[in-house]
Every structure is written in structure tokens, then in C-alpha cells.
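In what follows, a single structure is set out as C-alpha cells and then discussed.
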Number of protein chains: 2
Amino acid sequence: MVKRESNVDRVYDALRQMAVDFAFKPDQRLNESALAAQLDTSRTPLREALNRLVAEGLLTFQTNRGFFCRSLTPKDILDLYETRVAVECEALRLSCSRASDDEICALEMWLAEAEPMYLSSEDTLELLTLDEEFHLRLARLSGNNELLRMLASVNDRIRYIRLIDLKNMCARSGGDPEAHRKIMRALAARDAKGADTAMRSHIEKRREQATEAVRIAFSQLYVPMD
Amino acid sequence: MVKRESNVDRVYDALRQMAVDFAFKPDQRLNESALAAQLDTSRTPLREALNRLVAEGLLTFQTNRGFFCRSLTPKDILDLYETRVAVECEALRLSCSRASDDEICALEMWLAEAEPMYLSSEDTLELLTLDEEFHLRLARLSGNNELLRMLASVNDRIRYIRLIDLKNMCARSGGDPEAHRKIMRALAARDAKGADTAMRSHIEKRREQATEAVRIAFSQLYVPMD
DNA sequence: GCATTCAGAATTGTATACAATTTAGAATAC
DNA sequence: GTATTCTAAATTGTATACAATTCTGAATGC
């Protein structure tokens, strides 16, 4: 057998993508043999990858019953949004005193370039990707890799929820394209307190809308024939 | 073969304990066959458990080379302490508005009971456990399970560093037993701002001392014959 | 001495086999 | 019709085998 690159990593990446991109339904049980066949590997490396995803919180596991797509209760969603606040606000605070003018300027330019797309795009998934990228780039300015890692992890876990939220937001165009600029202005002014306030209210607003969007989506599940 | 409980979980717990309790030296390569024999299992479930620990950040993995005990650079330590600030301060902020008087009272009583031990104990490991428990109990008052989980994860990863720190602190009795009470007083008064300040300065002081302690410990490595 | 080469040993990567357990569904009783 | 029991099928749990790769250390050349 000839091998050039890591198979487990490939399987892990593929599974992670599937989990994040809603290929599994909440609470769905994953069939190991079927998944292994689909990813052209055997159950041994597959299970190693699945175990990583359990540790990351994307899947759950029950002895003798297997791996399941993790579902989120409203409480879970609240907890995760609060965690986002903790991570992003602290990262922003650090960025205010650490990021160089050049780095801030570069992010402002990226934002200016992305904004037209953000305002015009019809593709909800693309919007979500843009939004996530802004927040990740912002967090990266803190220079703290752990905070960045945690933000990425939280993002992955609420991605499904945020997509529902954005779909809803597009429909009624209730988004606030100013929010990101406001955060950037405070950062550029090295105004840690103002940045904290702007970030908090931005995430909080998104959380409220997401909760509402999820409520609507759930209610629609009960009248699926329209 | 008769089985009553999960083997992978048992192996995972054992490995985690070993990793947290310094059974592996930094950057040490773990021998799968030896570990499997030691834990009385085979390599298949062992590797599943090891993969979980990689996802948690306690170990690292290199294709075709295996699993390694993760070592921490000074930068890593700084990042982790900053993450602690982010998580604990936000949890405390939430606790200030959410925790019931009864819960706060119960934690104050626990602290009062633990303090004599904290002041007198010679056992550094016991001190560390007490300190970790206070911080975890405090974070639990936020009602946010994700923040709690993250704090536990960070604690596990800097446990080795904190032990070095505490050993050093005991030697020169430079600890501040007032710090925890101060945080509790602000919490009881529902003073979110004061609590934030107290927590920040507490963790920051510990971080500085830990960095110093690690520096001393490292320097001692170069003169090991005394 | 120091670097390089190259078997052989040790170790990791993973497919497979089979035991243990759970699940699904038919048969039965009420 | 509903609940219960039981058997067969499906699925998970893990030990093992062997291929692929890396590591070790002796032999060689400079």
C-alpha cells in the first residue's frame, strides 16, 4: 500500500465539513460502515476522526450505540453566544492595545472590499462565510492563538443556527451593515471600552435575532405542508 | 468477552489523568503498544482516546510519527492565561446578575472552610486542586456550561505550569489569600465592574508569577547537579 | 572525529475478523 | 389495538495481522 499523506486527517476534514455544513440532521445516528465506505476508508481511522469531533463538541457518543450529530437546545445556543462574547470581547480588548496601525488598516480595507458583496449577495452561505471571516480576522489581531481557536470552534458549532438567522435576516433585510464598521472605528481609535460595547451589542443583537429565527424555524416544522 | 462499561472512556480518563498529572514529559513521544499494554487494552481503543486528547489540546500528533505530550512555549502560556481571563471574567460578569444569594452564600461558606487548609497545607498539589475548585465553582454560578467546559480545559493544560508556580509561591509565601475573598465580596455586592477588576488583577498576578517561576525552573534545568 | 549509507528493528496505519450488544420486526398474548 | 417476548439482522467494540514508514545503530567513507 502506497501512502503519501495522512488519511485520518483527510477523513477528519471531510467529516468536519459534513457536520458543519448540515449533512447530518440533529440527533441523527451515524452509521460507521456506511460513512467509512462513503469516505473510502475503513472503520478504524473513521472512528479516530469521529472521536476528535466528539471532543470538539460537534458530535456526541454513546457506548454501544455509536456517534450522533449533536443537537442544540435553546440553552446551548445561549451559552455558545455568551461564549462568543467572552472570547471576541477579550480578543478585541487585546487588539486595541496590540494590533499595529498597518494591521488595522488592512482589515479596514478588507471590510470595505467585502461590504458591497455583503449588501448585495443573495447567497446566504456566502454571507455567513464573509461574516465569520471578518470576526476571525478581527480576533487574529489580538495575537492570541487560543482565543482564535476557541472562536473558530464556537463558530463551527453555531453555524447551522447562524445560517437560519441570516436566511431570516435577508428575507426582511434586518441586518446592520454598520455594526462591523462601528467596531472597526473604535478599534482604530484604540477605544477599548467603546469597542467592547459595540461588540457586545452586535453579538447580543445577533443572538436575539437568531433565537427568534430558530423559534420561527421550529414552529414551521409543525406545519411542513405549505 | 463480557463487558459492562465503556473501555474507551476508562482509557481516556486514565490517559487524561496521566497527561494532567505530568506522567509524560514535554515533547515525549508516546509508545502506543507500551501504553496499550499498561492500560490493559489494545491499540485500537487507545488511539481513539489519544485522538480525543489531541482535539482537546493536551497532546499533539504527527502522521507516521505518533502522539506526543504537548509542550508549552512561554507564548502558549501567555495565551492560555489570557483565555482564562476572557472566560472567567465573562462568567463572573454573568454571575453578578444571575447567581442567587443562596448560591453565593454557599460558595462563601465553602471558601471559609477551605481557607485554613489553603493557608496551612504543605501539599502543593492539594493547594492547586483547592484553587482550581474555587475558580470552577465560581464559574459554575454563571450557569453557562460552555464557559465552564472551557475553563476546565484551560486549567488542564496549564496545570503543570501552575504547579511550578505554586511550589515557588509556597517557598517564598508570596501568595495572596485575600484575592479570592475580594472577588467574592464584589460578587456578593453585585458589583460587576469591581468583580471584573479583581479577577483580572488576580489572574494577571498569577500569570506574572507563573512566568517567573517557569523562568526559574528552566534556568535550574541547566544546573541540574546540586 | 563527523557525516552518510543502509540493513534490521521498532513503530505507526489501517483493514479485517469476530465477539458483544443493540435494534428491528415478527409472533404471541392479552 | 397494544404490549411483550423472542429471534435474526444490523451495528458497535476491539484484538490482531500485516503493510508502510520511521528509527537505530553499525559500517563505511572522508
Side-chain angles (χ1 to χ4, degrees), chain A residues 1-20 22-71, chain B residues 1-20 22-71:
Chain A
M1 182 185 304
V2 179
K3 279 252 329 306
R4 267 146 234 298
E5 57 161 359
S6 170
N7 189 26
V8 178
D9 284 348
R10 179 183 65 79
V11 171
Y12 167 77
D13 288 340
L15 284 171
R16 180 197 193 76
Q17 202 61 42
M18 289 169 84
V20 165
F22 338 115
F24 311 130
K25 297 195 191 94
D27 283 324
Q28 180 188 345
R29 179 181 180 168
L30 310 185
N31 186 311
E32 296 176 13
S33 305
L35 264 182
Q38 186 181 340
L39 297 175
D40 196 31
T41 187
S42 77
R43 283 175 55 223
T44 308
L46 178 85
R47 284 179 57 113
E48 291 188 10
L50 288 171
N51 270 286
R52 287 198 208 175
L53 294 168
V54 169
E56 282 178 38
L58 255 71
L59 304 178
T60 60
F61 171 77
Q62 286 175 256
T63 305
N64 285 324
R65 306 226 312 121
F67 297 86
F68 297 79
C69 178
R70 179 165 178 173
S71 64
Chain B
M1 182 185 303
V2 179
K3 280 251 332 301
R4 268 147 233 300
E5 57 164 359
S6 170
N7 189 27
V8 178
D9 285 349
R10 179 182 65 78
V11 171
Y12 167 78
D13 288 340
L15 284 172
R16 182 200 191 76
Q17 202 61 43
M18 289 169 84
V20 165
F22 336 116
F24 311 129
K25 298 196 191 93
D27 282 325
Q28 179 189 344
R29 179 180 178 169
L30 310 185
N31 185 310
E32 295 176 13
S33 306
L35 264 182
Q38 186 182 339
L39 297 175
D40 196 32
T41 187
S42 78
R43 282 175 56 224
T44 308
L46 178 85
R47 284 179 56 114
E48 292 187 10
L50 288 171
N51 270 286
R52 286 198 209 176
L53 293 168
V54 169
E56 283 177 37
L58 269 113
L59 304 178
T60 60
F61 172 78
Q62 286 175 256
T63 305
N64 285 325
R65 305 225 316 121
F67 297 86
F68 297 80
C69 178
R70 179 165 180 173
S71 64

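Per chain, numbering begins at 1; letters A, B, ... match sequence-line order.
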Requested in this report: Would you mind reading off the distance between B:Tyr12 atom OH and D:dG13 atom P, rounded to a whole angstrom?
Outcome: 17 Å
Report task. Assign A:Leu50 to base, sugar-phosphate, or nothing according to its heavy-atom contacts below 4.0 angstrom with the strands shown. Result -> nothing
Requested in this report: Would you please confirm or rule out a distance under 4.0 Å between OP1 or OP2 of C:dG13 and any side-chain N or O of B:Arg43?
Outcome: no
Query raised in the report: Does B:Arg10 reach the main-chain N or O of B:Leu39 with its side chain, forming a donor-acceptor pair under 3.5 Å?
Result: yes
Query raised in the report: Between A:Leu15 and A:Leu35, does a side chain to side chain contact (heavy atoms under 4.5 Å, CB included) hold up when you go through it step by step?
Result: CA-CA 9 Å; A:Leu15 284 171; A:Leu35 264 182; 4.0 Å; yes
Report summary line: Taking for B:Arg29 and for B:Pro45 the nucleotide of DNA chain D with the nearest heavy atom, the one nearer the 5' end belongs to B:Pro45
Requested in this report: Return the minimal non-hydrogen interatomic distance between A:Pro26 and A:Ser71, and the atom names on each side.
Outcome: CB-CB, 3.7 Å
**Report entry** Residue whose nearest DNA chain D nucleotide is more 5′ - A:Thr44 or A:Arg65
**Finding:** A:Arg65
**Report entry** Option from A:Arg43, A:Arg47, A:Arg52 for which salt bridge (Lys or Arg N to Asp or Glu O under 4.0 Å) with B:Glu48 holds
**Finding:** A:Arg47
Query raised in the report: How close do B:Pro45 and B:Thr41 get, heavy atom to heavy atom, and via which atoms?
Result: CG-OG1, 3.2 Å
Requested in this report: Quickly work out the A:Leu39 CG to C:dA15 P distance and round it to whole Å.
Outcome: 12 Å
Query raised in the report: Could you give the CZ-to-C1' distance, from A:Phe68 to D:dT11, as a whole number of Å?
Result: 11 Å
Report summary line: Rounded to whole Å, CZ of B:Phe61 lies from P of C:dT14 at a distance of 8 Å
Requested in this report: May I have the distance from A:Leu46 (atom CG) to C:dT16 (atom P), rounded to whole angstrom?
Outcome: 14 Å
Requested in this report: Grab the CG-P distance between B:Asn51 and C:dT14 for me, whole Å please.
Outcome: 11 Å
Query raised in the report: C:dA10 phosphate, OP1 or OP2: any side-chain N/O from B:Asn31 under 4.0 angstrom?
Result: no
Query raised in the report: Is the shortest side-chain N/O distance from A:Ser42 to OP1 or OP2 of C:dA15 below 4.0 Å?
Result: yes
Query raised in the report: For B:Asp40 and D:dA15, what is the distance between atoms CG and P respectively, to the nearest whole Å?
Result: 8 Å
Query raised in the report: Are any of B:Asn7's side-chain N or O atoms less than 4.0 Å away from OP1 or OP2 of D:dT14?
Result: yes
Query raised in the report: Does C:dA15 have OP1 or OP2 sitting under 4.0 Å from an N or O in the side chain of A:Thr41?
Result: yes
Requested in this report: Starting from P on D:dT16, measure out to CZ on B:Arg47 and report it in whole angstrom.
Outcome: 17 Å
